[in-house]
Every structure is written in C-alpha cells, then in structure tokens.
Amino acid sequence: MSINATQQIRCPKCGQLQDMTVWQSITVSDGADLKEDLLHGKVNIFQCYGCGHKALMPTPLLYHDEKKRLMISFSPCDDDVTRAKLFENIKNSSKSSGELDKLTDYNLRFITGYNDLLEKILIFDNGLHDKAIEVIKLMVLMQDTDNMDNRVCMFGKKDNDELEFLVQDKKDGKLYTSRVPIATYDTVAEQLRLSGVKFKSFDWEIVDADYAARLLRGANNNL
C-alpha cells in the first residue's frame, strides 16, 4: 500500500513555508503514474515556490513491486556509520516482525542514494539483475584503472542487443557512455550463478560497487 502525508516544509534557503506531499511507501500496483513520478525525480523532492531551491526530503521510502518481486528500502544517508546502523535496523526489524518470512522469493535491497534507487528500479524493469549489472559496471570502470577512483558508473538503458552505461568523471565533470553486449551480461550472470550467487534474497542486501568487488575477489552473496 502506498502511504503519504501532507507536511508543511520551510525552505532552508529563503524560509518560505509551503505544503508538500511526502511519500513513505510506494506500491507499484497502486498506479503507474506514481512510479513515473518517482522515476522522473518528482517524489520527495522539495522545490520552493518562492526561490526555486530544490532538495531531497530526508524521508525513508519503501518501494514495492509485487509483479517483479522487488522491494527496496531507501533511507537517505551519506554517512557510513549511520548507513550501517540503518541497515542493521531494517534487517532486525524484518526478522522480529516475521515480515522476512513472507518475502522469501523477493529481491530485497537497502539503498541510501536517490540515484541508486532509480537505477535499481530501471535495472529490474529491463529484465536484468543488479548483481550482474554491478559486476559489469566495475568491469567498465576497470578499463581505465588510472581514473576509475574518480569515476562513477550507472546503468543507462537496454537497447536491443546492447546495454548502455553512463560514466561520470567527478574530477573533470565530463560524462561518457560505454556500451556492453547483452551477451556479456548473460555470461556474467551465468558465471555468478555457477559460483553460488543467489538471485533471490534470503535477507536484506546492499548490492553496490563494494559488493561487486567482493564477488570479483571470489566472494559470494552470503557476505
């Protein structure tokens, strides 16, 4: 069930007060328009009517796609210590409440970045799996090891027999594209399965660049 509340928000820049609809959960089956608003960056993004200032609301959001058996817990955070605590909290609460037992065939993801949330949705919407995609993103960055520490790779789109990735250089601000054959994705996904990686969750998971690095070092998703 999608849940929202109207809140009165004060602009941190100019101080103007205005009402805003803030979402705590989004269930895709409640309506396609709400999902489209999320994908277009219109959900929980404050924009001042007076000065135009925009900011992400620090409100946790639960995204639920029953058809794709996908649930994403999004908690805005840029602090590693807080991130770890929030992750443990959702794992513990899901187990103690019994909710986890009802989600055995789901992919469960914990996310702290807004763009990461949108990327996860797009990955699964394209019939792909984020564990394989994260490995490929790391492989794309490793093509230029001298600059990879300054770059971020994001999934862009699936286009016929290719996948497009966007690579942003945080140092010079430039944006690059990289195209990978879908056959490469199929190979990576199959190799992960053969190595023991599970493509369904037994608990909440963080699937990101660090996760992909552990996989490439020979770890599996039990870590």
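What you are looking at is a predicted structure, and each value in this text was computed from that prediction instead of being measured. In this chain, residues are counted from 1 in sequence order.
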Query raised in the report: Between Ser94 and Trp204, do the side chains contain an N or O donor and an N or O acceptor separated by less than 3.5 Å?
Result: yes
Query raised in the report: Could you give the distance from NZ (Lys85) to CZ (Arg83), rounded to the nearest 0.5 Å?
Result: 15.0 Å
Report summary line: Residues at least two apart in sequence or cross-chain that pass side chain to side chain contact (heavy atoms under 4.5 Å, CB included) with Ala213, listed by chain then number, are Leu138, Arg217
Query raised in the report: Going hydrophobic residue to hydrophobic residue with side-chain gaps under 4.5 angstrom, can you get from Val43 over to Ile72?
Result: yes
Report summary line: Of all heavy-atom pairs linking Gly41 and Tyr114, the shortest is CA-OH, 3.6 Å
Query - Polar contact flag, side-chain donor to acceptor under 3.5 angstrom, Thr177-Glu164 - result: no
Requested in this report: Check whether Leu118 and Ile45 end up in the same hydrophobic cluster, where Ile, Leu, Val, Met, Phe, Trp and Tyr are linked by side-chain heavy atoms less than 4.5 Å apart.
Outcome: yes
Report task. Might you confirm whether atom NZ of Lys13 has over 12 heavy atoms from other residues, nucleotides or ligands at distances under 6.0 Å? Result -> no
Query raised in the report: Between Lys120 and Leu70, is there a donor-acceptor pair closer than 3.5 Å when you use the side chain of the first and the backbone of the second?
Result: no
Query - Same apolar cluster (I L V M F W Y, side chains within < 4.5 Å links), Met139/Val152 - result: no
Query raised in the report: Less than 4.5 Å apart, any side-chain heavy atom of Glu190 and any of Leu194?
Result: yes
Query - Pairs involving residues 33-52, ordered by first then second residue, that meet side chain to side chain donor-acceptor pair (under 3.5 Å) (sequence neighbours left out) - result: Lys35-Asp125
Query raised in the report: Which value, rounded to the nearest 0.5 Å, describes the distance between Ser73 atom OG and Leu62 atom CG?
Result: 6.0 Å
Report task. Taking all non-hydrogen atoms of both residues into account, name the closest pair between Glu66 and Ser29 and its distance. Result -> OE1-OG, 3.1 Å
Query raised in the report: Is Tyr63 linked to Phe87 within one hydrophobic cluster, defined over Ile, Leu, Val, Met, Phe, Trp and Tyr using a side-chain heavy-atom separation of less than 4.5 Å?
Result: no
Query raised in the report: Are any of the side-chain heavy atoms of Asn115 and Met154 separated by less than 4.5 Å?
Result: yes
Report task. Decide yes or no on side chain to side chain contact (heavy atoms under 4.5 Å, CB included) for Thr6 and Met20, but give the supporting numbers first. Result -> CA-CA 5 Å; Thr6 299; Met20 176 181 174; over 6 Å; no
Query raised in the report: Would you say the side chain of Leu166 lies within less than 4.5 Å of the side chain of Tyr176, judging by non-hydrogen atoms?
Result: no
Query raised in the report: Quick one: side chain to side chain donor-acceptor pair (under 3.5 Å) pairs with a partner in residues 135-158, sequence neighbours left out?
Result: Glu119-Lys137, Glu134-Lys137, Asp144-Asn147, Asp144-Arg151, Arg151-Asp169
Report task. Verify, without hydrogens or angle tests, whether Ser2 (side chain) and Ile26 (backbone) share a donor-acceptor contact under 3.5 angstrom. Result -> no
Report task. Calculate, to the nearest 0.5 Å, the distance between atoms CZ and OG1 belonging to Arg179 and Thr184 respectively. Result -> 12.5 Å
Report summary line: Which of Ile136, Ile182, Leu122 passes side chain to side chain contact (heavy atoms under 4.5 Å, CB included) with Leu128? It is Ile182
Report summary line: dist Asn92:CG -> Asn89:CG (nearest 0.5 Å) comes out at 6.5 Å
Report summary line: Looking only at heavy atoms, the pair that brings Pro12 and Phe46 closest together is CD-CE2, 4.2 Å
**Report entry** For Thr82, the option from Asp79, Asp78, Asp80 that meets side chain to side chain donor-acceptor pair (under 3.5 Å)
**Finding:** Asp79
Report summary line: Value for CG (Leu86) from CZ (Phe74), rounded to nearest 0.5 Å, stands at 11.0 Å
Exercise answer: donor-acceptor pairs, residues 102-110 side-chain atoms, under 3.5 Å, sequence neighbours excluded:
{"unit_1": "Asp105", "atom_1": "OD1", "unit_2": "Arg69", "atom_2": "NH2", "d": "3.2"}
{"unit_1": "Asp105", "atom_1": "OD2", "unit_2": "Arg69", "atom_2": "NE", "d": "3.3"}
{"unit_1": "Asp105", "atom_1": "OD2", "unit_2": "Arg69", "atom_2": "NH2", "d": "3.3"}
{"unit_1": "Tyr106", "atom_1": "OH", "unit_2": "His64", "atom_2": "NE2", "d": "2.7"}
{"unit_1": "Asn107", "atom_1": "OD1", "unit_2": "Arg109", "atom_2": "NH2", "d": "3.2"}
{"unit_1": "Asn107", "atom_1": "OD1", "unit_2": "His129", "atom_2": "NE2", "d": "3.1"}
{"unit_1": "Arg109", "atom_1": "NE", "unit_2": "Asp130", "atom_2": "OD1", "d": "3.4"}
{"unit_1": "Arg109", "atom_1": "NE", "unit_2": "Asp130", "atom_2": "OD2", "d": "2.6"}
{"unit_1": "Arg109", "atom_1": "NH1", "unit_2": "Ser201", "atom_2": "OG", "d": "3.1"}
{"unit_1": "Arg109", "atom_1": "NH1", "unit_2": "Glu205", "atom_2": "OE1", "d": "3.1"}
{"unit_1": "Arg109", "atom_1": "NH2", "unit_2": "Asp130", "atom_2": "OD1", "d": "3.0"}

Requested in this report: For Phe165 and Ile133, work out which heavy atoms get closest and say how close.
Outcome: CE2-CG2, 4.0 Å
Query - side chain to side chain contact (heavy atoms under 4.5 Å, CB included) partners of Ser96, counting only residues at least two apart - result: none
Show the atom names and distances, to 0.1 Å, of all donor-acceptor pairs under 3.5 Å that link a side chain in residues 53-61 to residues at least two apart or in another chain.
none

Query raised in the report: Which pair of heavy atoms, one from Val188 and one from Ala132, lies closest together, and at what distance?
Result: CG1-O, 4.0 Å
Query - Atom of Ala5, atom of Gln24 and distance for their closest heavy-atom approach - result: N-OE1, 4.0 Å
